[in-house]
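Single-structure report; data block below.
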Number of protein chains: 2
Amino acid sequence: MTYAAPPPTADDPDSERAQFGRRLRALRRDRGWTLSELAERSGLAVSTLSKAERGLMSLTYDRMLQLARGIGVDMAELFTPDGTSFAPGSFAVAAKGEFKRQETPNYVYEMLFPEIRNKAMVPMMGTLKAHDLKDFDDFVRHPGQEFLIVLEGAITVFAEGKAPVTLRQGDSLYLDSSRGHLYASAGAQDARILVVCTEPDTTEPAPADASGSRV
Amino acid sequence: MTYAAPPPTADDPDSERAQFGRRLRALRRDRGWTLSELAERSGLAVSTLSKAERGLMSLTYDRMLQLARGIGVDMAELFTPDGTSFAPGSFAVAAKGEFKRQETPNYVYEMLFPEIRNKAMVPMMGTLKAHDLKDFDDFVRHPGQEFLIVLEGAITVFAEGKAPVTLRQGDSLYLDSSRGHLYASAGAQDARILVVCTEPDTTEPAPADASGSRV
DNA sequence: CAATCGTTTTTCTTATCGGAAAAATTTGCC
DNA sequence: GGCAAATTTTTCCGATAAGAAAAACGATTG
């Protein structure tokens with residue numbers, strides 16, 4: 001009845017440890033440093049670095065701390081992969097209205113730049129229709145973070161475990177989108193909002209997705 | 001000629017390791033778990049957890065990975081001290097105008113949610129002043145991607161290697177911000193834009209910062 | 001071929017880590 | 001409040017892996 005899969009010693013090239021090692025090697029090579037140069041900067045032995053980068057060794061906290069300082073990054077940065085496949089130098093312009101629509105009776109969302117795949121951010125233009133509060137959609141939950149700003153009108157933000165908040169034109173919101181959330185027009189008129197997510201929202205409109213991640 | 005101070009074995013209560021340990025203990029107690037409960041969830045020994053939480057031991061990568069999974073957090077989250085990261089479930093509202101300003105003769109940028117650190121996205125409100133095109137700023141370059149939408153007025157986008165583009169109200173732009181770029185008001189009046197970056201732009205207005213980190 | 005540079009392997013010391021006993025803390029009961 | 005039982009945490013010790021120093025290996029260049 002073990003909860004987490006115990007990886008005691010993994011030598012396969014796709015283990016987390018091997019990936020971590022490749023990330024270390026990338027960080028070093030990005031800077032044009034050799035093993036011995038990083039060894040000098042970090043105070044670690046060359047052999048240690050070599051084994052760590054190849055995933056043959058499991059660095060201890062102390063060594064990782066030295067390593068992070070030697071590289072010049074935050075400790076957390078060692079564990080946040082940085083690869084998005086947005087091609088280097090990319091550049092795209094969208095004219096007003098050139099959007100891909102997703103529509104329900106309650107709202108219209110138009111994704112900007114649908115032709116760019118794997119964006120680090122997904123900007124969407126939303127129109128929340130002034131509507132009866134009877135047939136509401138369910139909370140939406142998806143991984144990542146979300147930014148919202150009210151362009152026209154006013155909206156009510158329902159967030160799981162929070163009292164409803166009213167945002168007026170120019171107000172904005174930043175939230176962890178794994179917390180259940182739902183937007184609705186607050187006034188008698190339609191509201192226009194701009195939403196930017198860090199990850200594409202693949203959830204379907206209605207069903208309450210019960211894939212409970214992180215309490 | 002060592003660059004980073006080597007902390008081989010530190011037993012003082014204010015070492016990074018001790019702080020890390022206290023953070024681990026907090027994460028566990030927040031969930032109301034005992035050492036043996038976390039031991040079962042993570043697959044680590046009780047004694048190991050005890051020593052790690054007191055900073056008497058330097059956990060290896062493999063154990064930290066098991067631990068993170070047992071606790072149910074991302075590896076990086078173990079290293080992001082509480083106040084400074086966008087914690088899971090976070091939720092923040094900014095009223096119009098509650099921004100941190102950065103001003104030059106040509107523009108005013110106001111960062112939204114300056115109190116939230118380590119956001120995945122950095123939304124900023126910008127006012128581009130109608131100005132002579134004589135004293136222009138230089139291209140700006142920073143890692144990450146950038147989204148822009150014109151809220152009021154019209155702007156001209158200068159991007160390195162591209163012909164200038166004019167964006168009007170409602171138009172938007174998505175670019176790799178490592179490509180040199182520069183925005184200016186296009187008309188005779190000021191323009192208002194919303195910019196969202198994937199990483200904080202730490203570049204100073206004018207001077208060419210030569211502290212080359214990751215090209 | 002020699003020489004240099006970057007990486008890997010070898011050898012040896014020391015620390016991590018798991019298991020179980022000991023100590024400390026909390027809980028139950030009168 | 002006090003004492004005993006149960007639970008939680010810490011300490012002790014042996015097996016195994018981390019980590020430093022140095023030698024070996026491979027590639028590149030003069």
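Numbered from 1 within each chain, the chains take letters A, B, ... in sequence-line order. All values derive from a computational prediction rather than experimental measurement.
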Interatomic distance where [atom1] belongs to [X] and [atom2] belongs to [N] [whole Å]:
| X | N | atom1 | atom2 | value |
| --- | --- | --- | --- | --- |
| B:R17 | C:dA15 | CZ | C1' | 10 Å |
| A:L44 | D:dG19 | CG | C1' | 9 Å |
| A:L38 | C:dT8 | CG | P | 13 Å |
| A:E37 | C:dT4 | CD | C1' | 16 Å |
| B:L56 | C:dT16 | CG | P | 9 Å |
| B:L49 | D:dT9 | CG | P | 10 Å |
| A:L35 | D:dG19 | CG | P | 15 Å |
| B:Q66 | C:dT16 | CD | P | 17 Å |

Ignoring hydrogens, what is the shortest heavy-atom contact between A:F158 and A:A184? Give both atom names and the distance. CE1-CB, 4.3 Å

N or O in side chain of [X] less than 4.0 angstrom from [N] OP1/OP2:
| X | N | answer |
| --- | --- | --- |
| A:R28 | C:dG6 | no |
| A:R54 | C:dT9 | yes |
| B:R63 | C:dA15 | no |
| A:R29 | C:dT7 | yes |
| B:S50 | D:dT9 | no |

Of B:S58 and B:E53, the one whose closest nucleotide on DNA chain D sits nearer the 5' end is B:E53

With a 4.0 Å cut-off on heavy atoms, is A:S36 in touch with a base, just the backbone sugar-phosphate, or nothing at all? nothing

Could you tell me which residues satisfy ring pair (Phe, Tyr, Trp, His ring centres under 6.0 Å) with B:F147, sequence neighbours excluded, listed by chain and number? none

Could you tell me which residues satisfy side-chain contact (heavy atoms from CB on, under 4.5 Å) with B:A45, sequence neighbours excluded, listed by chain and number? B:S47, B:T48

For B:S50, what residues pass the side-chain contact (heavy atoms from CB on, under 4.5 Å) criterion, not counting sequence neighbours? B:L35, B:R54

Non-neighbouring partners of A:R25 that pass salt bridge (Lys or Arg N to Asp or Glu O under 4.0 Å), sequence neighbours left out: A:E53

Looking at A:Q145, is its backbone amide N or carbonyl O close enough to the side chain of A:T198 to form a donor-acceptor pair, meaning the two atoms are under 3.5 Å apart? yes

Pairs touching residues 37-60 of chain A that satisfy ring pair (Phe, Tyr, Trp, His ring centres under 6.0 Å), sequence neighbours left out: none

With ring pair (Phe, Tyr, Trp, His ring centres under 6.0 Å) as the rule and sequence neighbours excluded, what pairs involving residues 31-69 of chain B come up? A:F20-B:Y61

Applying side-chain hydrogen bond (donor to acceptor under 3.5 Å, both in side chains) to B:T127 and not counting sequence neighbours gives B:R192

For A:Q66 and A:R63, test the side chains for any donor-to-acceptor distance below 3.5 angstrom and give the result as yes or no. yes

Starting the side chain at C-beta, find the nucleotide from D:dT10, C:dT7, C:dT16 nearest to A:T60. C:dT16

Find the bend of the helix from C:dC1-D:dG30 to C:dC30-D:dG1 as the angle between its two terminal axes (five pairs each), to the nearest 10°. 30°

Each nucleotide in nucleotides 21-30 of chain D should get exactly one letter: B, S or -. Can you fill that in based on protein heavy atoms under 4.0 Å? BB--------

